[in-house]
K.L.:
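The structure is given below, and queries will be raised subsequently.
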Amino acid sequence: MVLYFTSNVVDPPATIYMGKDKFENEDLIKHGWPEDVWFHADRLSSAHVYLRLSPGQSWETIPTELLDDLAQLCKANSIEGNKKDNINIVYTPWSNLFKRGDMAPGQVTYKNPKLVKRVHVTERQNAIVNRLNKTKKITYPDLYQMRMERDKEEKREKTMAANKQKADERRAAEEYKLVKDETSLSKMFANLAAERKNKGTEKSKPTSNNIFGDSSDDEDDVSGRRNQEIDDFF
């Protein structure tokens, strides 16, 4: 059995859940999600309370109002802690929990103690506890199946993202090739235009003339006629 709560102090509302006893806590430890943050009374027996982060949220930047809700829920579900003032609630990402084989049911420690934060609770706030209890839902979920479905969906989203990235890269490569081809064509046409212009300039140049404006062929004809006139004279 898993107890679910909803905290409306943030938008969107936060999902909080916990097990009924230490045996159910074992299943929560085993089948938690990477998005989960684990809360527990420091050095006291208490319920294992989990916050399921929304996409884009970080366990290091949980709003103060939401931390207060989680800390009060932990305190209220600790037999000893509920009777005391000035207690601490520890919290860490689910992925930082470590379960040794020799530990009793419900017991857990940390892989990295540096990834543990604390919230100080001076006293019980009945207004907070009552508000959360009004949202309580008792469920009997298949935690293993829920985790498998979550992982399957994550894999599907990653595959879609990878395919989109490949498509974007392919489209970018095609656009680059198109621009490159257009640039090459532009250069080719520019070179052809320059060649045609140069040929037109060469054709428009005047041919070589003598000082009298006669062509070389005309000059030869005149010389021939003069020689003939000289022969006739003699």
Side-chain angles (χ1 to χ4, degrees), residues 1-10 13-54 57-141 143 146-147:
M1 180 176 71
V2 179
L3 308 177
Y4 282 89
F5 304 83
T6 300
S7 173
N8 294 304
V9 297
V10 290
T15 297
I16 302 170
Y17 68 96
M18 67 182 186
K20 181 182 178 181
D21 54 38
K22 60 184 180 181
F23 299 104
E24 290 178 348
N25 286 337
E26 282 293 299
D27 290 334
L28 297 181
I29 294 169
K30 185 177 181 180
H31 302 300
W33 292 15
E35 297 83 7
D36 290 344
V37 184
W38 177 85
F39 289 75
H40 196 276
D42 191 21
R43 303 181 185 280
L44 297 172
S45 175
S46 77
H48 291 214
V49 177
Y50 290 83
L51 166 67
R52 181 148 293 166
L53 296 173
S54 299
Q57 291 183 327
S58 169
W59 79 279
E60 295 184 287
T61 56
I62 299 172
T64 301
E65 298 82 1
L66 183 54
L67 284 176
D68 290 341
D69 277 10
L70 290 152
Q72 286 293 329
L73 197 59
C74 262
K75 176 177 171 56
N77 286 275
S78 169
I79 296 175
E80 186 177 359
N82 192 41
K83 301 174 183 177
K84 293 183 175 181
D85 292 336
N86 296 309
I87 69 169
N88 289 323
I89 303 297
V90 294
Y91 65 102
T92 192
W94 167 83
S95 58
N96 191 43
L97 298 179
F98 179 67
K99 178 75 176 182
R100 294 197 309 267
D102 61 345
M103 286 182 167
Q107 278 190 324
V108 72
T109 186
Y110 315 116
K111 297 175 183 177
N112 183 358
K114 293 182 179 180
L115 295 178
V116 179
K117 293 179 176 288
R118 287 170 172 77
V119 179
H120 183 72
V121 182
T122 55
E123 60 182 1
R124 173 173 170 140
Q125 298 289 333
N126 287 326
I128 295 177
V129 176
N130 293 337
R131 170 169 51 80
L132 291 172
N133 280 333
K134 289 179 180 179
T135 69
K136 181 169 63 175
K137 294 182 180 179
I138 301 175
T139 63
Y140 298 85
L143 296 174
M146 289 176 64
R147 176 59 194 268

K.L.:
Measure across Arg100 and Thr109 and return the closest heavy-atom pair with its distance rounded to 0.1 Å.
P.N.:
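So the two residues come closest at NH1-CG2, 4.1 Å.
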K.L.:
Just wondering, more than 12 heavy atoms not from Arg43 lying within 6.0 Å of its CZ?
P.N.:
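No, not enclosed.
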K.L.:
Would you find a donor on one side and an acceptor on the other, under 3.5 Å apart, between the side chain of Thr139 and the backbone of Val2?
P.N.:
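Answer holds: yes.
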K.L.:
Apply side-chain contact (heavy atoms from CB on, under 4.5 Å) to the pair Asn25 and Tyr50, showing each step before the final yes or no.
P.N.:
CA-CA 10 Å; Asn25 286 337; Tyr50 290 83; 5.6 Å; no
K.L.:
When Asp36 is tested against each of Trp94, Trp59, Tyr17 for side-chain hydrogen bond (donor to acceptor under 3.5 Å, both in side chains), which residue passes?
P.N.:
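Exactly one option meets the side-chain hydrogen bond (donor to acceptor under 3.5 Å, both in side chains) with Asp36, and it is Tyr17.
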K.L.:
For the residue pair Phe5 and Leu73, establish whether any side-chain heavy-atom pair is separated by less than 4.5 Å.
P.N.:
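Yes; the side chains approach each other to less than 4.5 Å.
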K.L.:
What's the shortest heavy-atom distance between Ala71 and Val119, and which atoms?
P.N.:
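Minimum heavy-atom contact is CB-CG1, 4.0 Å.
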K.L.:
So do Ile138 and Tyr4 actually touch side chain to side chain, heavy atoms under 4.5 Å?
P.N.:
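No, their side chains stay 4.5 Å or more apart.
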K.L.:
Does Lys75 pair with Glu123 as a salt bridge, N-O distance under 4.0 Å?
P.N.:
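No, this pair does not count.
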K.L.:
I would like to know whether Asn86 and Thr122 meet side chain to side chain donor-acceptor pair (under 3.5 Å); could you show each step before the answer?
P.N.:
CA-CA 4 Å; Asn86 296 309; Thr122 55; 5.3 Å; no
K.L.:
What do the steps show when you test His48 against Lys22 for side-chain contact (heavy atoms from CB on, under 4.5 Å), and what is the final call?
P.N.:
CA-CA 8 Å; His48 291 214; Lys22 60 184 180 181; over 6 Å; no
K.L.:
Mind listing the closest non-hydrogen atom pair of Arg147 and Gly32 along with its distance?
P.N.:
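That closest heavy-atom pairing would be NH1-O, 2.5 Å.
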K.L.:
Aromatic rings Trp38 and His40: how do their planes relate, parallel, tilted or perpendicular, breaks at 30° and 60°?
P.N.:
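The rings of Trp38 and His40 lie parallel, inter-plane angle below 30°.
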K.L.:
Using distance alone, with no hydrogens and no angle criterion, decide if Arg131 and Asn133 have a side-chain donor and acceptor under 3.5 Å apart.
P.N.:
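Note: Arg131 and Asn133 side chains miss the donor-acceptor criterion.
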K.L.:
Is a side-chain N or O of Asn88 found less than 3.5 angstrom from the main chain of Asp42, in a donor-acceptor match?
P.N.:
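Looks like no, no N/O pair under 3.5 Å.
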K.L.:
What are the two closest heavy atoms between Tyr91 and Arg118, and how far apart are they?
P.N.:
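Smallest heavy-atom distance, with atoms named: CE2-N, 4.1 Å.
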K.L.:
Find the distance between SG (Cys74) and CG (Asp69) and round it off to the nearest 0.5 Å.
P.N.:
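Here the rounded value is 11.5 Å.
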K.L.:
Tell me which one of Val90, Ile16, Ile89, Thr92 satisfies side chain to side chain contact (heavy atoms under 4.5 Å, CB included) with Phe39.
P.N.:
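Single side chain to side chain contact (heavy atoms under 4.5 Å, CB included) partner of Phe39 among Val90, Ile16, Ile89, Thr92: Ile89.
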K.L.:
First locate atom CG of Asn8, then atom CG of Leu132, and finally report the distance between them rounded to the nearest 0.5 Å.
P.N.:
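Separation between the atoms: 9.0 Å.
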K.L.:
Closer than 3.5 angstrom, by distance alone: can the side chain of Ser46 be matched with the main-chain N or O of Asn77 as a donor-acceptor pair?
P.N.:
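Side chain of Ser46 to backbone of Asn77, a donor-acceptor pair under 3.5 Å: no, none is there.
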K.L.:
Do you know the tightest heavy-atom contact between Val108 and Lys99?
P.N.:
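Closest approach of Val108 to Lys99: CG2-N, 4.4 Å.
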K.L.:
State whether the side chain of Lys111 and the backbone N or O of Ser95 hold a donor-acceptor pair below 3.5 Å, judged by distance alone.
P.N.:
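Present.
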K.L.:
Nearest 0.5 angstrom please: Leu115 CG to Asn96 CG, how far?
P.N.:
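Atom-to-atom, Leu115:CG and Asn96:CG are 4.5 Å apart.
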K.L.:
Could you give the distance from OG (Ser7) to CG (Leu51), rounded to the nearest 0.5 Å?
P.N.:
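Ser7 OG to Leu51 CG: 8.5 Å, rounded to 0.5 Å.
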K.L.:
Say you draw a straight line from OG1 of Thr135 to CG of Leu3; how long is it, rounded to the nearest 0.5 Å?
P.N.:
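Thr135 OG1 to Leu3 CG: 10.5 Å, rounded to 0.5 Å.
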K.L.:
Give me the atom names and distance for the closest heavy-atom approach of Leu66 to Ala14.
P.N.:
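The answer is CD1-CB, 3.8 Å.
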K.L.:
Pick out which of Val9, Ile128, Val10 makes a side chain to side chain contact (heavy atoms under 4.5 Å, CB included) with Glu65.
P.N.:
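One option only clears the test, and that one is Val9.
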K.L.:
Step through the shown structure and confirm whether more than 12 heavy atoms of other residues, nucleotides or ligands are within 6.0 Å of CD1 on Ile79.
P.N.:
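Open: at most 12 neighbouring heavy atoms sit under 6.0 Å from CD1 of Ile79.
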K.L.:
Quick one: pull up CG in Leu67 and NE2 in His120 and give me the separation to the nearest 0.5 Å.
P.N.:
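If I round to the nearest 0.5 Å, the distance is 14.5 Å.
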K.L.:
So, Gln57 side chain and Ser54 main chain: donor-acceptor pair closer than 3.5 Å or not?
P.N.:
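Checking the backbone N and O of Ser54 against the side chain of Gln57, a donor-acceptor pair under 3.5 Å is found.
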K.L.:
With the threshold set at 4.0 Å, does a side-chain nitrogen-carboxylate oxygen contact exist between Lys30 and Glu26?
P.N.:
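No salt bridge links Lys30 with Glu26.
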K.L.:
Any donor and acceptor pair, going by atom type alone, linking the side chain of Gln72 with main-chain N or O of Gln125 inside 3.5 Å?
P.N.:
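Present.
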